[in-house]
Structure formats: structure tokens, C-alpha cells
Amino acid sequence: MSAVEDVVTEAPAVEAVPKRAMTLGTGTSFVVLLLLLIVPLFAKNFVIFQLTQLLYLGLAVLALNILTGSSGQFSLGQSAFYAVGAYVTAVMMEQFNINYVLCLPVAGVVCFGFGFLFGQPALRLSGVYLALATFALATAMPQLLKLNFLEHWTGGVQGLVVTKPDAPFGLPMGQDMWLYYFTLVVVLAIYIFSVNLLRSRSGRAFMAIRDNEIAASAMGINVALYKTLAFGVSAAITGVAGGLSAIAVQFVAPDSFTITLAIQLFLGMVVGGVGWLPGSIVGAAFIIFVPNIAEGISKGLSGAVFGVLLFLVIYLVPHGARQIAILGQQLAGKLRKN
Amino acid sequence: MELFTNQVLAGIATGAIYACMALAVVMIYQAIDHLNFAQGEMAMFSTFVSWQLMQWGVPYWVAFVLTLVFAFIGGIAIERILFKPLAKAPILTNVAGFIALFSIINSSAGLIWDFTIKQYPTPFGSAPFLGSQLISTHQAGMIGVTVLLLIGLFFFFQFTRIGLAMRAAAALPESARLVGINTSWMIALGWGMASAIGAIAGMLIAPVVFLEPNMMVGVLLYGFAAAVLGGLTSPFGAVVGGFLMGIFENLAGTYIPGVGNELKLPIALALIISVLVVKPAGLFGRHIVKRV
């Protein structure tokens with residue numbers, strides 16, 4: 001697994017680091033992959049479910065990372081695309097009895113369309129204005145899903161129950177474990193795709209637009225096209241993540257896709273390090289496990305404890321997990337020299 | 001026709017609150033270039049403080065003034081302790097900080113005063129205003145207080161030295177520093193004033209939406225929307241945006257079939273997006289031209 005090279009520009013502490021330092025390195029990648037493959041074999045079902053959750057939320061954070069970290073567009077509306085992906089998957093599986101493996105790409109394509117279309121009016125907005133527009137999308141989505149004329153398919157306020165798939169080909173594993181490995185394969189495939197996308201011509205165009213829109217257009221980059229494309233790709237990946245979540249949770253309802261979800265994804269991105277793809281999983285771990293830890297410290301004050309922990313993170317490492325990775329790499333380099 | 005006037009007047013009354021919130025949002029945005037997502041929670045906490053004072057037997061207007069002092073000092077303290085160290089951090093880190101602050105205040109208020117809905121008194125009474133059936137005295141009072149506040153702020157920024165210094169610090173920080181303005185304290189002052197304005201909005205809306213830790217979430221959304229609609233760089237625009245939001249929200253809820261209470265907010269936000277697509281800097285905002 002490797003990451004995008006050299007993304008943060010405003011951080012003096014990071015700038016001095018050579019570009020190569022930002023890749024996870026072949027050795028580290030294999031260790032991480034091995035851990036992801038082996039851990040479920042020794043874990044209880046609930047832990048496996050949490051790991052699955054970690055994977056698909058990490059995927060959603062990665063999608064936001066592609067949008068904000070690479071193309072510099074700020075979105076608080078990811079929960080809307082996540083909801084569309086989850087609903088497309090759930091409706092296809094339950095109302096039309098289509099195999100779940102086929103549902104995910106459809107969810108991705110539908111969300112790509114939504115994202116691309118939404119990117120059109122969003123083109124004229126930037127910064128806080130774009131944040132507000134996407135925020136509007138996120139607040140509207142639960143209400144739209146409750147609309148009467150969609151109720152026939154979506155189940156209205158009650159939502160839809162999704163059946164969990166069994167392991168195919170008579171593989172000797174439980175539903176949870178099969179779903180974990182299935183999710184892992186999907187997430188890995190999309191991760192590798194994203195890394196390559198950001199290294200490609202399009203990825204460099206995204207970053208050029210992020211760094212300086214006017215200069216990018218002067219170089220001949222079609223700014224409008226690439227900005228909407230970034231929206232579309234990000235929405236498509238978020239949609240697949242939403243679809244995976246619908247299968248794993250076995251339930252979709254309008255109120256699971258509120259603005260809170262969008263804020264969680266945003267926090268995950270910041271904690272993981274904006275623009276650093278491997279950080280997405282770290283960010284997802286933060287938003288899944290830290291609220292639990294906060295609850296463990298104090299039940300009544302869990303929100304406050306969560307806020308304090310978040311403040312600690314942004315004070316100590318304003319650039320998130322990425323900063324820790326860089327520090328670790330520098331330390332390893334020094335040790336090797338001695 | 002009577003329904004229409006009724007709805008417009010009610011819209012102006014709630015619009016007054018949105019205008020206050022929008023004004024608070026613009027105050028901080030001018031000072032630090034960020035939207036404060038915890039603005040509503042700060043206002044909610046101040047409102048709870050005033051409620052607590054009244055429970056202890058303090059008369060309304062005394063509690064009102066004490067709460068303003070509390071909110072002002074609290075706002076300054078939050079800036080000094082929590083956000084000054086983040087001044088040079090990336091924007092997204094700051095936003096995460098606001099979300100953390102939101103979470104802390106919301107959860108603390110829930111623990112101290114719990115989540116049950118509480119009645120909040122109105123100093124104006126709820127009888128019909130001047131014998132007309134159109135608006136109540138409380139709604140008239142909301143409009144009156146907002147207008148007074150706006151006039152006060154206008155004079156503060158136009159005719160006092162410190163108001164001028166604050167405007168200078170917001171417009172051109174480097175030049176302001178060169179002529180001897182302590183820009184760092186001007187930012188803190190902006191936080192204090194925004195917090196106090198938010199507290200006024202909170203205390204005025206509390207009799208309508210009732211007092212509970214989540215009461216300001218919706219109001220803040222409208223406040224943001226109003227500020228963006230009017231233009232984030234223009235306090236005047238924020239106020240106009242607030243009143244427009246209030247009126248539009250009420251009319252959409254009444255006249256567009258199938259909207260009702262559930263879809264009011266999405267419709268209002270859709271309006272804003274349409275305005276922004278036509279005028280990206282808001283109705284009264286300055287359009288900033290960038291250089292390569």
C-alpha cells in the first residue's frame with residue numbers, strides 16, 4: 001500500500017520531509033495487510049463486526065479525503081451520498097432480489113451520477129459557501145427519504161431490513177467473517193484504485209486545482225470538469241461504503257444518515273490527516289472507538305470527554321495521524337544512520 | 001389576506017432571532033475567517049445560565065444583564081484558552097475544534113440541567129400586541145430588542161474608537177498592527193461580543209422553542225443560512241438575510257403544499273443554494289478577486 005505523495009503545503013513542519021516519506025512502504029503495507037487478514041480468525045463475532053465497520057467507514061473517509069485532500073473542495077454532505085448508496089443497495093437486494101455483489105457497483109454508479117450533478121451548481125461555490133451547500137444536502141436527505149411517493153420502496157420512516165448474505169461455495173465460515181473478508185477485498189480494490197487515480201493525470205489535475213485554481217486553468221486544466229469529476233468519484237466511493245454498511249448493519253432507515261454521520265466522516269478525515277489516504281482507517285478508528293472510550297470514562301459526560309479528546313488530538317498533532325507517521329519515519333531514519 | 005400578513009409578521013419576528021444569530025456568526029467570521037459551529041451551543045448555555053439565575057429568584061432584567069456579562073467573559077475566555085493556540089493551524093483543524101467545543105458544551109449542559117424541556121419566561125407577556133390579532137407582544141418585543149441591538153452595534157462600529165479598531169483589525173490585520181492596534185485582543189473582543197449577541201438571541205427565542213440543550217441547533221442553521229444569504233462579509237447583509245429567512249420559511253411552510261414543518265429547513269436551504277449559484281458572495285457580500 002502506498003499513499004499520495006507530498007500533499008500538505010501549509011505545514012512548515014511537514015514541508016522539510018522528503019516526498020518519499022509519505023508512502024507507507026512495502027514492508028509496512030504487508031504487515032498491515034497480514035494483520036487485517038489474520039486478526040478476524042481469532043476474534044469474537046462482535047469484534048469482527050466492528051472491524052467490518054472500521055473498513056467501510058474508513059472507505060467513506062477515504063472518499064472525503066479524495067474530495068477535500070486532493071481537489072480542495074470541502075464537503076459536509078457526504079452522509080447524503082452514503083445514504084443513497086445504502087438505499088440503492090438495500091432496495092435492490094430486498095425488493096428486487098438482486099445479488100449483493102451486483103448491488104454495490106450499481107450503488108457506486110448511481111452515486112457517481114448524483115455527485116457529478118451536485119458538483120455542477122457547487123462549481124461556483126468555494127470554502128464556507130460550498131460547506132453550507134453540502135450541509136443543506138445532508139440535512140435534506142433524511143427528510144427526502146421519508147417522502148410518501150418513495151415509501152413503496154424505501155419503507156418510509158420504518159426503513160428496510162436487509163438479509164445478511166451467507167458465505168458462498170460452501171466456505172466454512174460464519175456470515176460475519178465472510179462479510180468482513182468481502183468488505184476487505186472491496187476496500188482494498190478501491191484503495192489501490194484511489195492511490196493510482198491520484199498519481200495519474202487526473203489526480204495531478206485535482207491537486208493543481210487545490211493548490212491554485214487560477215494557475216491550474218492557465219495551464220490548460222479543465223477546472224470545471226475535474227472539480228465535478230472529483231465530486232463524482234468521491235460520491236461513488238461513498239456510495240459503495242454506504243452499500244457495504246447497509247449489508248453489514250442489515251438495516252437502513254432515514255435517521256441513520258443525518259448530518260451527524262457527515263460530521264463524523266469529516267472528523268475522521270481531520271484526525272487521519274487531510275490528503276493522506278492510509279490515515280483514513282486511523283480516522284475511522286477514532287470515530288468508532290473514541291466515543292466508546294469517552295462513554296467508558298463518564299456516561300453522562302461522554303460528549304464532553306469526546307470533545308476534550310478531540311481537542312487533545314488537534315493540539316498535539318494538528319495534521320493528524322499523518323504527522324505521527326512522518327515523525328516515526330524520521331526517527332527510524334535517524335536510528336538507521338547511527 | 002389576513003393569513004398572509006399574519007405569516008409575514010410572524011416571519012419577521014422569528015427573522016429577528018435569525019438576524020441576531022447571523023450577526024453573531026458574521027462577527028466571528030470577520031474576526032477570524034471561520035464559521036463558529038459552536039455559536040448556538042454557546043448561546044444555549046448562556047440562556048440556561050439566565051434561567052438558573054431566575055430560578056434563584058433574580059428578576060428577569062437583572063438576570064438578562066448578568067447573563068450578557070457572563071456570555072461576554074465566557075466568549076473571551078474560550079478564544080484565549082482554546083482557539084488562540086489554533087490561530088495558525090489549518091482551517092479544517094479549526095472546524096474540528098468548533099465541533100469539539102459543540103460537543104463539550106452540549107454534553108455539559110445536558111449533565112447540569114438534563115434534557116427535559118423547560119418553560120422560559122417572557123418579559124413582554126404573550127397577549128396580542130396593541131389589540132391586533134396579528135402578532136403577540138413577545139414577538140413585537142423580539143423585533144424591538146433586535147432593532148435596538150442593531151442600532152447600538154451600528155453606533156459602536158461607526159462612532160467609537162474601539163469599534164473602529166475592531167473594523168481595522170478585521171479588514172487589514174497587518175496594517176492595523178502597524179498603527180498600534182492590538183489585533184489579538186480585538187479578536188477576543190469579537191468573540192466576546194458575538195457570544196453576548198448569541199445570548200440575546202437565545203434568551204429571546206427560548207420562550208418560543210422552549211429551553212433544552214438542543215434548542216439552538218435549528219436556529220443556528222438558519223443563522224448560518226441567513227449570514228451566507230446576506231453575505232458573510234456584511235453585517236447589514238446578515239440582518240437582512242435573517243429577516244428574509246424568517247419570512248420565506250413561514251410562507252413556504254404555509255403556501256407550498258406538502259412542505260409543512262418537516263421540509264421547511266431543506267426548502268429554505270435550497271433557496272440559499274439557488275441564490276449562491278447566482279450570486280456566489282451572497283446578496284450584499286463583497287466579491288473578492290484573487291491574484292495568482
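Keep in mind that the numbers below use all heavy atoms, side chains included, and drop hydrogens, waters and symmetry copies.
Under a 3.5 Å cut-off, the side chain of A:Tyr315 and the backbone N or O of B:Leu82 do form a donor-acceptor pair.
Using a 4.5 Å cut-off between heavy atoms, B:Leu111 touches chain A through its side chain atoms alone. Looking at A:Ser302, the atoms closer than 4.5 Å to chain B (heavy atoms on both sides) all sit in the backbone: N, CA, C or O. Of the two parts of A:Leu312, neither the backbone nor the side chain holds a non-hydrogen atom closer than 4.5 Å to a non-hydrogen atom of chain B. Looking at A:Met269, the atoms closer than 4.5 Å to chain B (heavy atoms on both sides) all sit in the side chain, from C-beta outward. Heavy-atom distances place both the backbone and the side chain of A:Val308 under 4.5 Å from chain B. Contact of A:Ile314 with chain B is made through backbone and side chain together, with heavy-atom distances under 4.5 Å.
Residues A:Phe74 and B:Leu92 share a closest heavy-atom pair of CE1-CD2, 2.8 Å.
With chain B as partner, the option from A:Thr68, A:Val313, A:Leu267, A:Val271 having the largest number of non-hydrogen pairs under 4.5 angstrom is A:Leu267. Contact count versus chain B (heavy atoms, under 4.5 Å) is highest, among A:Phe306, A:Phe135, A:Phe266, for A:Phe266.
Sparse packing is recorded around NZ of B:Lys84, with 12 or fewer heavy atoms of other residues, nucleotides or ligands lying under 6.0 Å away.
Annotation: residues 94-107 of chain B contacts chain A through B:Val95, B:Ala96, B:Gly97, B:Ile99, B:Ala100, B:Leu101, B:Ser103, B:Ile104, B:Ser107 [non-hydrogen atoms, separation under 4.5 Å]. Inspection of non-hydrogen atoms places B:Phe37 of residues 37-47 of chain B under 4.5 Å from chain A.
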